[in-house]
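All remarks here apply to the structure that follows.
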Amino acid sequence: MLRDAWFIARKDLAYMLKQRETILWVFLMPPLFFYFIGTVTAGFGGGGGDDSPDPIALVATFPEAREGFLVGEIGRRLAEQDFRVDRFDSEEAATAYDRRLVLPAPPAAYSTFTEAVLDGWEADIVFRREGDDLNVDFDQVRVRRAVWTVLADVVAVRSEGGNPGPESFAELDQRARVLTLRVESAGRRARPPVGFEQAIPGTLVMFTMLVLLTSGAMLLVIEREEGLLKRLAATPISRSSLVLGKWTSKMTLGVVQIAFGVLLGALAFGIDWGQALPAVGIVLLAWAAFNASLGIFLANTVRSRAQMGAVGVLASMVLAALGGCWWPIEITPGWMQGLAGFLPTGWAMDAMHKLVSFGEPGTVALPHTGTLAAAALLLGWLASRRFRYQ
């Protein structure tokens, strides 16, 4: 049985690797997607993994003599929110900045912006954020926190009968807070993975599924349509050997793509696959096994190569989007994060993020690996039961 299965697997794999479509999607397209998606998403987390402060333009549309201490306090609180604050006196001078906080000029009746605010003037402070990346909401939260903290200190000082000023603000900062919040990173990263750190694992997971559900499964459909499987039915090769051989060839194709993607990510894009690299490899092997079984199951369910192509591409794209291959699932709405927990792409990406992005030990991926392996076995059994020669 094993000899026959290995014979089928070798011939099958050799044929697939000779096809231009397979070479295109296994070796040529992944690097392009690595670069394109990684470059596009590099700004999602404030610099694509760069821990330097995010630049923001603090635009005071009035002379410096009319500022007062509150403007300086706003700048200081922005710096506390991990912004690099650059001062300008007009928006035209700050057009190169994606983030701009604009302070309006105070009424002519007041000598400074601070005096007007302390006297009850409602200043319409405007935050402008260029671009549509996934970090926009995070920037808005940080800016609002900086501005509202200044306002809260004004209220706190006045509630005690004091006069807001640099001294009273400094004294307030020295006080012990009634409530404190301690924030700790869940791993070695404080932010969701972005740029190449998100794009390469996500693209690798997506392309493994795409190739095995199209090029891999399509060959089985073509062989059925052209009568090749009927010829094999007349040989001494058993159904079990044939199914095992087909599965092995698909699995090996997935391993080839995974090995190529991991090496390319490390050598060409500088990806650190983490200290639990063996666990990463086991997760990806379980992922390839799942897709090999799924591909054979679908190839024995559809009725034509057109159906197989449509199902393979549609399933890969939808599951990739919902499972976190295209963007970090951590930045999506709660319902989408919950849904990802029920999807195979979500299992694979959650394990990859924990191992690669957050530096957790390999044991955290045991549930993911076990689930993928169990699903691969179940689908493989169903595929063998549904396998048909014509």
Side-chain angles (χ1 to χ4, degrees), residues 6 8-39 196 198-223 245-271 273 277 280-299 302 305-306 308-321 323 325-326 344-345 348-349 352 356 372 376 379-380 383:
W6 179 237
I8 294 293
R10 285 189 295 111
K11 296 298 183 180
D12 217 31
L13 181 63
Y15 180 81
M16 287 189 294
L17 290 178
K18 291 179 181 178
Q19 302 304 303
R20 289 177 296 179
E21 295 82 359
T22 303
I23 295 175
L24 175 67
W25 290 102
V26 172
F27 299 109
L28 300 181
M29 294 304 293
L32 296 178
F33 273 73
F34 287 174
Y35 177 79
F36 176 74
I37 299 179
T39 302
F196 295 126
Q198 157 67 27
I200 291 180
T203 302
L204 185 57
V205 168
M206 179 184 71
F207 267 86
T208 302
M209 171 172 269
L210 180 64
V211 168
L212 294 186
L213 296 191
T214 53
S215 298
M218 185 71 73
L219 177 60
L220 189 56
V221 177
I222 294 174
E223 290 174 336
K246 293 294 183 181
W247 182 90
T248 302
S249 67
K250 276 56 172 176
M251 175 69 182
T252 306
L253 180 62
V255 171
V256 169
Q257 179 160 63
I258 288 170
F260 175 72
V262 169
L263 289 175
L264 183 68
L267 299 179
F269 296 94
I271 292 298
W273 291 102
L277 183 58
V280 172
I282 292 173
V283 170
L284 292 175
L285 287 176
W287 175 242
F290 168 82
N291 284 286
S293 297
L294 179 60
I296 296 178
F297 175 78
L298 291 176
V302 301
R305 66 182 74 182
M308 187 67 251
V311 170
V313 172
L314 183 61
S316 300
M317 296 299 102
V318 172
L319 290 175
C325 296
W326 293 358
T345 45
M349 288 305 299
M352 295 292 285
V356 178
L372 287 170
L379 285 170

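In this structure, the side chains of Val262 and Leu284 come closer than 4.5 Å at one or more pairs of heavy atoms. Side chains of Trp25 and Leu210 form a contact here, defined as non-hydrogen atoms less than 4.5 Å apart. At a threshold of 4.5 Å between non-hydrogen side-chain atoms, the residues Glu223 and Lys246 count as touching.
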For this session: Give the intermediate values and the outcome of side-chain contact (heavy atoms from CB on, under 4.5 Å) for residues Ile37 and Phe196.
Result: CA-CA 8 Å; Ile37 299 179; Phe196 295 126; over 6 Å; no
Problem set entry | side-chain contact (heavy atoms from CB on, under 4.5 Å) between Trp273 and Ile200, intermediate numbers included | CA-CA 10 Å; Trp273 291 102; Ile200 291 180; 3.9 Å; yes
Exercise. Hey, mind stepping through Val313 and Met317 against side-chain contact (heavy atoms from CB on, under 4.5 Å) and telling me if it holds?
Worked result: CA-CA 6 Å; Val313 172; Met317 296 299 102; 4.2 Å; yes
For this session: Go through the steps to decide whether Met251 and Leu285 satisfy the test side-chain contact (heavy atoms from CB on, under 4.5 Å), and finish with yes or no.
Result: CA-CA 8 Å; Met251 175 69 182; Leu285 287 176; 4.2 Å; yes
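Between the side chain of Thr345 and the backbone N or O of Leu319 there is at least one donor-acceptor pair closer than 3.5 Å. Using modelled atom types, one side-chain atom of Thr22 and one backbone atom of Met16 make a donor-acceptor pair closer than 3.5 Å. Within the 3.5 Å criterion, the main-chain N or O of Thr252 finds no donor-acceptor partner in the side chain of Gln257.
Leu220 approaches Ala299 most closely through the heavy-atom pair CD2-CB, 3.7 Å. What you find for Ser316 and Leu213 is that their closest heavy atoms are OG-CD1, 4.0 Å. Residues Gly380 and Ser293 share a closest heavy-atom pair of N-CB, 3.6 Å. Between Val283 and Ala348, the closest heavy-atom pair is CG1-O, 4.3 Å. Of all heavy-atom pairs between Phe269 and Pro31, the closest is CZ-O, 4.0 Å. The minimum heavy-atom distance between Ala199 and Phe34, with the atom names listed, is CB-O, 4.2 Å.
Atom CE of Met218 is separated from atom CG of Leu298 by 11.5 Å, given to the nearest 0.5 angstrom. Taken to the nearest 0.5 Å, the CE atom of Met29 stands 10.5 Å off from the OG1 atom of Thr203. Taking CH2 of Trp287 as the start and CE of Met349 as the end, the distance is 10.0 Å to the nearest 0.5 Å. Once rounded to the nearest 0.5 Å, the distance linking CG of Leu204 with CZ of Phe260 reads 10.5 Å. For the atom pair Thr214 OG1 and Met209 CE, the distance stands at 11.0 Å (nearest 0.5 Å). Note that OG of Ser249 and CZ of Arg10 are 12.0 Å apart. Values are rounded to the nearest 0.5 Å.
The closest side-chain donor-acceptor pair between Thr248 and Trp6, if any, does not fall under 3.5 angstrom.
Between Asn291 and the options Leu379, Ile296, Leu253, Leu212, a side-chain contact (heavy atoms from CB on, under 4.5 Å) holds for only Leu212.
Note: Phe207 and Phe33 have perpendicular aromatic rings, judged against thresholds of 30 and 60 degrees for the angle between ring planes.
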